[in-house]
Amino acid sequence: MSTHAPQAAQAVTLPTTLDEAVAALTAMPAAVPVAGGTDLMAAVNSGQLRPAALVGLGKISEIRGWQYLDGHALLGAGLTHARMGRPDFAALIPALAASARAAGPPHIRNAGTLGGNIASAAPTGDALPVLAALEATLIVAGPGGGRREVPVSHLLAGMDLLRPGELIGYVRVPLLHAPQVFLKATGRTGPGRAVASVALVLDPARRGVRCAVGAIAPMPLRPLDAEQWVAQLIDWDNNRAIVPEALTAFGEYVAAACIPDAAPGEDGTVPPLPPAVLHLRRTVAALARRALGRALS
C-alpha cells in the first residue's frame, strides 16, 4: 500500500458476495471499488485520487474462478493475471493467458485482476485487445440483484458506461478451440508497458480472423476490412494454408488502418508522417504479421 492510504480512505467495507458489494457502493456513492489496487494505489500515491471510502472485493470468492456455460467460459472479474497465466487456463483461452503473463512483474501479476484491467480501461491494458478480438461480453451486477450484459467493446468505447452502484462481475468469452496469439512491443527489455500490442484469434467455424490492436489509441482498434480480406485468402480446407506474401500484406493493411496517413493539405499533397509515427506503424505491421503467421502455423 502506501503512507497515503490511511488519509485516502475514511471507510473500508469488505463484502463477501457480489450483491453485498453492489449494496455497499449504492449506499456510499463516493466509494471506490478495489480488487488488486495496482492502478488505484498508483493514483492515490500520485495525489490524483483521494477516495472517501473503499469497497474491497478481495473476499468475494464467486468472482475469483471460472466455469463453462453454453460454449463459453464465464470468467470471474477477480481472476488475477497470475492465475490466468497458468497452463490450465492457457489451454482454455491461450491469448488471454499470454496477455496475463505479459502484464508486468510478478507483484503486479499476483495482485492485478481481469476486472480491474477492464474497469481502469488504460490504453496499455494487455487484456483489452484480447477481449476485443474475442468479442467478449461483460456481465454487470447492479442494485437489487440485477444483471445486464454489455459488449466489452461498448464499455471501452464509452458507448455503455457503468451506472452508479454497478460492478463488473464476470466476463463471458466464447471458446473457439482454435489458435490464438497475443504479442506486444515494449520500450525496454523485459516486462513493461506496451508501446503496441496485437491480439489475433482464428474462428474456423465462421472461417474468420479477428484482430485487435492495443496501446496505440484510447481503446483497442479492430481493422475489420483487413480481417475480412485476409480470411478470404486462407485455405481453410487445407491446413489453413496461406501464401507468405499475404502475411506481409496483412501486417501492412492492419498498420495502415490503425495508423492512417495524414490528411492531404490544401494543395492536395499528403505530408509525411513523423518518424516516431512511422516507427510505430512498422511495429504494428510486424506484430500483426507475426501474430497471423503463428496462428496459422
Side-chain angles (χ1 to χ4, degrees), residues 35-36 38-39 61 63-69 71-139 152-153 156 168-186 190-205 208-215 220 222 240 287-288 290-297:
T38 55
D39 290 323
S61 59
I63 62 171
R64 299 184 70 84
W66 71 82
Q67 56 185 298
Y68 302 100
L69 184 66
H72 291 71
L74 195 63
L75 312 178
L79 277 169
T80 64
H81 300 304
R83 184 64 190 90
M84 291 188 291
R86 294 181 187 175
D88 58 341
F89 191 93
L92 186 71
I93 312 174
L96 193 54
S99 72
R101 290 192 293 267
H107 68 279
I108 295 295
R109 298 198 303 272
N110 288 335
T113 63
L114 177 62
N117 215 217
I118 299 168
S120 63
T124 54
D126 291 321
L128 304 186
V130 179
L131 296 175
L134 289 169
E135 297 182 345
T137 301
L138 307 177
I139 297 179
V152 68
S153 58
L156 297 177
I168 299 171
Y170 303 92
V171 182
R172 187 195 301 272
V173 177
L175 296 177
L176 301 177
H177 303 294
Q180 305 174 10
V181 178
F182 171 79
L183 298 174
K184 83 173 186 178
T186 64
R193 291 187 179 274
V195 173
S197 61
V198 168
L200 188 139
V201 301
L202 301 183
D203 189 347
V209 175
R210 300 185 206 158
C211 177
V213 179
R222 286 280 302 275
R240 297 192 285 265
L287 291 175
R290 292 170 188 168
L292 180 60
R294 292 187 186 183
L296 295 175
S297 64

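Rounding to the nearest 0.5 Å places CG of L114 at 6.0 Å from CG of L96. Between the CD atom in Q67 and the OH atom in Y170 there is a gap of 7.0 Å [rounded to 0.5 Å].
Proximity of a side-chain donor or acceptor of R109 to a complementary backbone N or O of G104 within less than 3.5 Å is detected.
Contact of the N117 side chain with the L131 side chain is not registered, since no non-hydrogen atoms from C-beta on lie closer than 4.5 Å. By the 4.5 Å heavy-atom criterion applied to side chains, R64 and T80 are counted as neighbours. At a threshold of 4.5 Å between non-hydrogen side-chain atoms, the residues L202 and L176 do not count as touching. Residues I63 and I168 fail the side-chain proximity criterion, which asks for heavy atoms closer than 4.5 Å. Residues F89 and L79 form a side-chain contact, since some pair of their non-hydrogen atoms from C-beta on lies under 4.5 Å apart. Side chains of P129 and V198 form no contact here, defined as non-hydrogen atoms less than 4.5 Å apart. Inter-residue side-chain proximity for P179 and R240 is flagged as met; some heavy-atom pair is nearer than 4.5 Å.
In this structure R210 satisfies the salt bridge (charged side-chain N to carboxylate O under 4.0 Å, His left out) test together with E135, D203, sequence neighbours excluded.
Evaluation of the salt bridge (Lys or Arg N to Asp or Glu O under 4.0 Å) test over residues 91-100, restricted to residues two or more places apart or in two chains, returns none. Sorted by first and then second residue, the pairs that involve residues 73-84 and meet salt bridge (Lys or Arg N to Asp or Glu O under 4.0 Å), not counting sequence neighbours, are R83-D88.
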